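Indexing begins at 1, ligand by ligand and atom by atom, following the structure's order. From a predicted model like this one, the values you see are computed outputs, not experimental measurements.
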Amino acid sequence: MEITRIGVVGAGTMGHGIVLVSAMSGFEVIMRDVSDDLVQRGVGMIERFLKRSCEKGKLTDREKTETLERIHGTVRLEDMQECDIVIEAVVENLDLKKDIFTQLDGICPRDSILASNTSTIPITEMAAFSGRPDRFIGMHFMNPVPVMKLVEVIRGLATSDETTETVVALAKKLGKVPIEINDYPGFVSNRILMPMINEGIYCLMEGVATKEAIDEVMKLGMNHPMGPLELADLIGLDTCLYIMQVLYEGFSDSKYRPCPLLKKMVSAGYLGRKSGRGFYEYNDK
Ligand SMILES: NC(=O)c1ccc[n+]([C@@H]2O[C@H](COP(=O)([O-])OP(=O)(O)OC[C@H]3O[C@@H](n4cnc5c(N)ncnc54)[C@H](O)[C@@H]3O)[C@@H](O)[C@H]2O)c1
């Protein structure tokens, strides 16, 4: 199936990034959020990225103008009706996502594909509400979307080979490296990353080492660009806790139990960089 027009629902951190790489790759893109202000905020973030790319000599003014011309902002979900694929990137809330996919099924052509950028919600469960489980798939982009190469392509139980092939080909056209994954809690990225971070927090809680020492061990010994505690602060401790709970419940396995120190810090409002304090303090907030 040939994709020419892409719909993106949600113009936040991930949504605007997906719109940006899609438009830069030559696709017509419809970007939907719930208010004009939020649509404009998404367009503003895209414009700033393109402006910086021009200043760095990576893009010409003409390419910037053409990219922006391919982006059509809207508050109407009905405007997705001519899209070959719609990628959902709204907040991580199952009920909201189910509602959007139920509506999209009534709006989009029968042969179009519905995709979700969820980090944690089972693809198979959302597919059941899409009215087209064979044409439903996960497209898990990484943050920041224009920089990170990986897209986890997540097959639900009923996702067809044709849908997977189309989405893999699309991800490549967006300049990404798609990797096929089957639908299990945390997919691959968060199933491996989050228990590592959680174990780092256990090391701190048990007094195995200081926070600085834990981070340095993983940076110097394993060549990780950031230590697990610094990374937890960047991701947000509330998000880390939420993902651990998804793994814990999804597998019913105690090895995924969230560290009590992580829970305590979230209860205290120490959420990492975004709150100015996590394992480290951030004075710029
Ligand atoms: N932020 C990350 O690092 C990251 C990485 C990978 C995947 N994800 C996933 O991507 C999704 C979006 O996350 P985000 O960080 O971009 O969130 P965000 O809060 O930055 O953006 C979400 C956007 O969705 C909009 N929205 C809410 N309801 C809507 C509706 N009915 N229709 C259209 N738009 C609506 C909000 O107004 C907001 O602009 C989540 O499922 C998240 O798990 C996030």
Listing by chain and number, which residues have a heavy atom under 4.0 Å from ligand 1? V9, G10, G12, T13, M14, R32, D33, V34, L38, R41, A89, V90, V91, E92, L96, K97, I100, N117, T118, S119, H140, F141, N143

Do K211 and Y280 form a cation-pi contact, if we require the NZ or CZ to be under 6.0 Å from the six-membered ring centre and within 45 degrees of the ring's axis? yes

Any salt bridge (Lys or Arg N to Asp or Glu O under 4.0 Å) pairs touching residues 107-123, not counting sequence neighbours? D105-R110

Do you know which of K58, K51, R52 makes salt bridge (Lys or Arg N to Asp or Glu O under 4.0 Å) with E55? K51

Pairs touching residues 226-248 that satisfy salt bridge (Lys or Arg N to Asp or Glu O under 4.0 Å), sequence neighbours left out: K219-E230, D238-K274

With a 6.0 Å cut-off (strictly less than), is the heavy-atom count around CG of L157, excluding the residue itself, greater than 12? no

Run the side-chain donor-acceptor check on residues 36-47: report pairs under 3.5 Å with partners two or more places apart or on a different chain.
none

